[in-house]
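Just below is one structure, and these are the notes that go with it.
Within every chain, numbering begins at 1; the chains are lettered A, B, ... in the order of the sequence lines, protein sequences first and strands thereafter.
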Amino acid sequence: MMEKLSENIMDKVSIDFLRDQVLKNAYGNDDTPIAQLDPRVLLLWYLFFALVPWFLNDVVVLMGMFVLTAITTRLARVAPLVLFVFALGVFSQTGYMFVASLLFGGDMSTLAPLLVLTLKVATVSLASITVFSGLDPDKLSNGLLWFGCPERLSFSISFAYRILPILMEEMQNILLSYRMRGRAPEHDTFGGKVRWVIYQVKTIVQSFYPLMLNTAKRSRTTVEALELKGYRYAATNMKVLKIKLSSLHAGRREAVFAFVSAAWVACCFACPAALEVLL
Amino acid sequence: MSTYAERGATQSQKLMVFVLSMSLYGLATLISELIPSVQIGIVELSVEFFLFIPLTLAMLFDPLSAALGAATGELVFSEIMLGQFGGLGELEKFLTVTIGVYIAGLMVRDPRNAKQVAIAAITGPAIQLAMSAVVDIVKVQVAVDDFEAVAGLPESVFATEGFAFLNDLCFSGILFCLLPTLFLVPRLYGKIEPLLGCKPRTPENDAAPTLSGRVIAWSAVGFIVAIVVACVSKAGFSIIEWEAEWAESQIAIFTGIGVAAVVALIVAFWARRSAQLRNA
């Protein structure tokens, strides 16, 4: 039973699966309500939700903000793998602390401060998942460019999404060809297990040798193509920026989004006071 | 400029090194982010595992481009693409990785000299690990008010951080930075440079600056910025609370003024930027 389960998990976590998930995350959700918003408004929205939760200590307000970011993440239709990594990250930051405090004789009273911390971390990360995973990479880099971020950063973002699937496939091919040529040591005994790990690590390090040479060729092609288009001069020229950023448009949809978010947050802040009056 | 170009480091070649280092290190960190870190006893195979890639590139090419490329690659591939962008906290990692790789690349004058490569390949990670350990210690000191008053806390923080540093350096540093770099640098030397259209690095044609006082001073400045940023991102709320104490009665007014100021700033920036682009 256990063997079958681990086999099942290993089947799922192959490089193909990772590639599919990353690609799906980048390009698979153009039609969501979040992806259609203006990147500038979303970046400002992110700035608010990345900073403000750290300054708050009220569970009700934090809970309200968490619900809002959870809804936007749902709307952005983020790939499951990203959510899994998020859950793992939140647990490893605060969850294990609770387990540890239980082991050392703590009780449920330790839960409250940990809940506040967990809510803060979760809200901030969900906001970043919404913005950075929900948006098309080109839109995201245009938005950053508009705010005056260095051109190299926005170029890196667009380039990364395009080059990643190719690189992953190439790395997998190289790894597989190494595996076909070599023979992995038996790993039944402890010594064999150690030898097996050393063998795997050696294979990965060695496969970076052809990968580096291939990528060097590719990056020369990329840069030469960019030079042909006058990339280095265009990046700092206002006229080029104007043409490039003319697709950005903030209209009624963005206003509604901003208003709903602001109203929700205001309600969260007003809620504790309102409860006090009522009770 | 022409003499600089003859030495084999034009702007476009620097961009090529940047792109190369960014994509390779980015891919490596993305994979190591997705696969939970493997722990064998006390040895942890984590991100430092892949630091040999930028180290090798920094020794063979222009060190600054390779270092910046690696830090950007990590930021873009494993933080932004996975939506794990933590804001200010990421800047600390960016700076420490850049400084560590850059200094390691500057230490090598001749990539064919195995001794130089070995010393640089262990010093680079050591600098990076030491800086992040110091940042962690300072973070705890700032976050806990009476750091010295809590019995045993300073000792335990120094002990755990020191132990983690030594553990990382001895196992990850030697196994995953020193040995792979020693394996890759001689093999790639003379083969990878023609692919980018430049000459192999030798002591005679070296265009990189020597490891001078200026480089060290700038590294120190970067390190201090990293500490400050880490503290602000960790303890930002305590600063605000301290401000709120003297304004307790007028807290609502101050909040209102703050919100209005932020909104006004955003609107002003938006209008200015739009006008700038329209008039271009």
Measuring from [X]:[atom1] to [Y]:[atom2], what's the distance to the nearest 0.5 Å?
{"X": "A:Ile204", "Y": "B:Phe176", "atom1": "CD1", "atom2": "CZ", "result": "9.0 Å"}
{"X": "B:Met16", "Y": "A:Thr221", "atom1": "CE", "atom2": "OG1", "result": "8.5 Å"}
{"X": "A:Ile163", "Y": "B:Met22", "atom1": "CD1", "atom2": "CE", "result": "8.5 Å"}
{"X": "B:Ile53", "Y": "A:Phe208", "atom1": "CD1", "atom2": "CZ", "result": "3.5 Å"}
{"X": "B:Phe18", "Y": "A:Phe155", "atom1": "CZ", "atom2": "CZ", "result": "8.0 Å"}
{"X": "B:Leu27", "Y": "A:Glu170", "atom1": "CG", "atom2": "CD", "result": "10.0 Å"}

Name the region of [X], side chain, backbone, both or neither, that has any atom closer than 4.5 Å to a heavy atom of chain A.
{"X": "B:Ser21", "answer": "neither"}
{"X": "B:Thr72", "answer": "side chain"}
{"X": "B:Leu188", "answer": "both"}

Given heavy-atom pairs under 4.5 angstrom as the criterion, report whether the side chain, backbone, both or neither of [X] touches chain B.
{"X": "A:Leu248", "result": "neither"}
{"X": "A:Leu245", "result": "side chain"}
{"X": "A:Leu44", "result": "side chain"}

Identify the two heavy atoms, one from B:Leu196 and one from A:Ala216, that lie closest to each other, and give their separation to 0.1 Å. CD2-O, 3.3 Å
Taking all atoms of both residues into account, what is the closest heavy-atom pair of B:Pro194 and A:Arg220, and its distance? O-NH1, 3.5 Å
Pick out which of B:Leu15, B:Leu20, B:Leu195 makes a side chain to side chain contact (heavy atoms under 4.5 Å, CB included) with A:Ser219.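 Filter result, single survivor: B:Leu20.
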Less than 4.5 Å apart, side chain to side chain, heavy atoms only: is that true for [X] and [Y]?
{"X": "A:Tyr209", "Y": "B:Lys191", "answer": "yes"}
{"X": "A:Leu153", "Y": "B:Val76", "answer": "yes"}
{"X": "B:Gln13", "Y": "A:Val223", "answer": "no"}

Name the orientation class of the two ring planes belonging to B:Trp270 and A:Trp146 (parallel below 30°, tilted from 30 to 60°, perpendicular beyond 60°).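 The rings of B:Trp270 and A:Trp146 sit tilted, inter-plane angle from 30° to 60°.
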Please list, chain by chain and in numerical order, all residues satisfying ring pair (Phe, Tyr, Trp, His ring centres under 6.0 Å) with A:Phe49, sequence neighbours excluded.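 Here the qualifying residues are A:Trp45.
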